Asker: 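Take this structure first; my questions come after.
All values derive from a computational prediction rather than experimental measurement.
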Amino acid sequence: VMAAAVSGAQEKPDVSGVVAPGVEAMPAITSRDGAQARAPPELIPIPEGSVGFYSGSFDPPTRGHEAIIRSVFEKYKLRKLYILVNVDGPKNFKASIDERIGMLRAMLSDIIDKVDIVPVYATEKDSLVRTLGEKEKSFTVRIIGQDSFEKVPRTVLKDETVQWIVVPREDGAGAPLPRERRNIRSMTIDKIAVISSTKARDAIRDGKPVDELLSPPVVEFVSKNGLY
């Protein structure tokens, strides 16, 4: 069942002028030719207890996806993470929405009380994030891959009540993050943790080992349900 709109929305916190405790704005930098250029602004700190949103197809959820989820809890001390599972989109899903949610629940069974796994249609994703963010009365933290981030309209990034954590591509490709924005930061994960679901599906199809690609609970779910 799709998540419904939540009433009683509250205003999001005003983060204008917020900087990390004890940190002053960085001074201008003088280049070799004597010209001055402003240093990148200090990032707005993500308060402990914020609520995150991480969307994807998770077909299947890989060790890379798991590393991202566990890392944001550890590094940013989130109170809750909404995992938004794509119902539609340009990809031809190999597993059903219920199967993909089932794999996520199996993979995250030890922290399932901290996550809320929600199926979502592409056209409803942004409005759902806004609605849930207002319901939670918290900073909104969106975790997003490099490829998806590059498709986000730059006008959207101006809203500093929304923090963006961008996960770079595994091959290191992609455009640099906007230096002028205080609400965008990157987060790398263990390079051993492969994010690509395509690599995992190909390995399963070809009968190759998948231990480095999928966690044991996901492997068990795939085997039990005859997926891929």
Asker: Compare all side-chain heavy atoms of Ile68 with those of Met187 and state whether any distance is below 4.5 angstrom.
Answerer: yes
Asker: For Arg181 and Glu160, work out which heavy atoms get closest and say how close.
Answerer: NH2-OE2, 3.6 Å
Asker: Between Thr131 and Ser127, is there a donor-acceptor pair closer than 3.5 Å when you use the side chain of the first and the backbone of the second?
Answerer: yes
Asker: Scan for ring pair (Phe, Tyr, Trp, His ring centres under 6.0 Å) pairs involving residues 71-116, sequence neighbours excluded, and state none if there are none.
Answerer: Phe53-Tyr82
Asker: Does Arg142 have any salt bridge (Lys or Arg N to Asp or Glu O under 4.0 Å) partners at least two apart in sequence or in another chain, and if so, which?
Answerer: Asp126
Asker: What heavy-atom pair brings Val129 and Thr140 nearest, and what distance separates the two atoms?
Answerer: CG1-CG2, 4.0 Å
Asker: Show every donor-acceptor pair shorter than 3.5 Å between a side-chain atom in residues 101-119 and any protein atom, with sequence neighbours excluded, or say none if there are none.
Answerer:
| unit_1 | atom_1 | unit_2 | atom_2 | d |
| --- | --- | --- | --- | --- |
| Asp110 | OD1 | Arg70 | NH2 | 2.8 |
| Asp110 | OD2 | Arg70 | NH1 | 3.1 |

Asker: Nearest 0.5 Å please: distance from the CG atom of Asn86 over to the OH atom of Tyr121.
Answerer: 11.5 Å
Asker: Counting distance only, does the side-chain N/O of Arg185 pair as donor-acceptor with the main-chain N or O of Gln163 below 3.5 Å?
Answerer: no
Asker: Apply the test side-chain contact (heavy atoms from CB on, under 4.5 Å) to residues Leu177 and Ser186: give CA-CA distance (whole Å), side-chain angles for both, the deciding distance (0.1 Å), then the verdict.
Answerer: CA-CA 8 Å; Leu177 300 183; Ser186 63; 3.8 Å; yes
Asker: To the nearest 0.5 angstrom, please state how far the CG atom of Leu78 sits from the CD1 atom of Ile46.
Answerer: 7.5 Å
Asker: Tell me, do Pro217 and Glu220 make a side-chain contact under 4.5 Å, heavy atoms counted?
Answerer: no
Asker: Show which side-chain atoms of residues 149-157 pair as donor or acceptor with protein atoms under 3.5 Å away, not counting sequence neighbours.
Answerer:
| unit_1 | atom_1 | unit_2 | atom_2 | d |
| --- | --- | --- | --- | --- |
| Glu150 | OE2 | Gln146 | NE2 | 2.9 |
| Glu150 | OE2 | Ala175 | N | 2.8 |
| Arg154 | NH1 | Val152 | O | 3.0 |

Asker: Of all heavy-atom pairs between Ser50 and Val141, which one has the smallest distance, and what is that distance?
Answerer: CB-CG2, 4.0 Å
Asker: Look at the side chain of Lys77 and the backbone N and O of Glu74, then say whether any donor-acceptor pair between them is shorter than 3.5 Å.
Answerer: yes
Asker: Mind listing the closest non-hydrogen atom pair of Ala95 and Leu227 along with its distance?
Answerer: CB-CD1, 4.5 Å
Asker: What's the separation between atom NZ in Lys125 and atom OG in Ser55, rounded to the nearest 0.5 Å?
Answerer: 3.5 Å
Asker: Where do Ser57 and Val85 come nearest, in terms of heavy atoms and distance?
Answerer: O-CG1, 4.0 Å
Asker: Scan for salt bridge (Lys or Arg N to Asp or Glu O under 4.0 Å) pairs involving residues 80-96, sequence neighbours excluded, and state none if there are none.
Answerer: Lys80-Glu136
Asker: Supply the atom-to-atom distance Leu214 CG to Thr62 OG1, rounded to the nearest 0.5 angstrom.
Answerer: 7.0 Å
Asker: To the nearest 0.5 Å, what is the distance between CD1 on Ile143 and CD1 on Ile165?
Answerer: 5.0 Å
Asker: If you look only at distance, which donor and acceptor atoms sit under 3.5 Å apart when one is on a side chain in residues 194-204 and the other is two or more places apart or in another chain?
Answerer:
| unit_1 | atom_1 | unit_2 | atom_2 | d |
| --- | --- | --- | --- | --- |
| Ser196 | OG | Thr198 | N | 3.3 |
| Ser196 | OG | Lys199 | N | 3.1 |
| Ser197 | OG | Pro60 | O | 2.7 |
| Thr198 | OG1 | Arg201 | NH2 | 3.3 |
| Arg201 | NH1 | Asp59 | O | 2.5 |
| Asp202 | OD1 | Arg205 | NH1 | 3.4 |

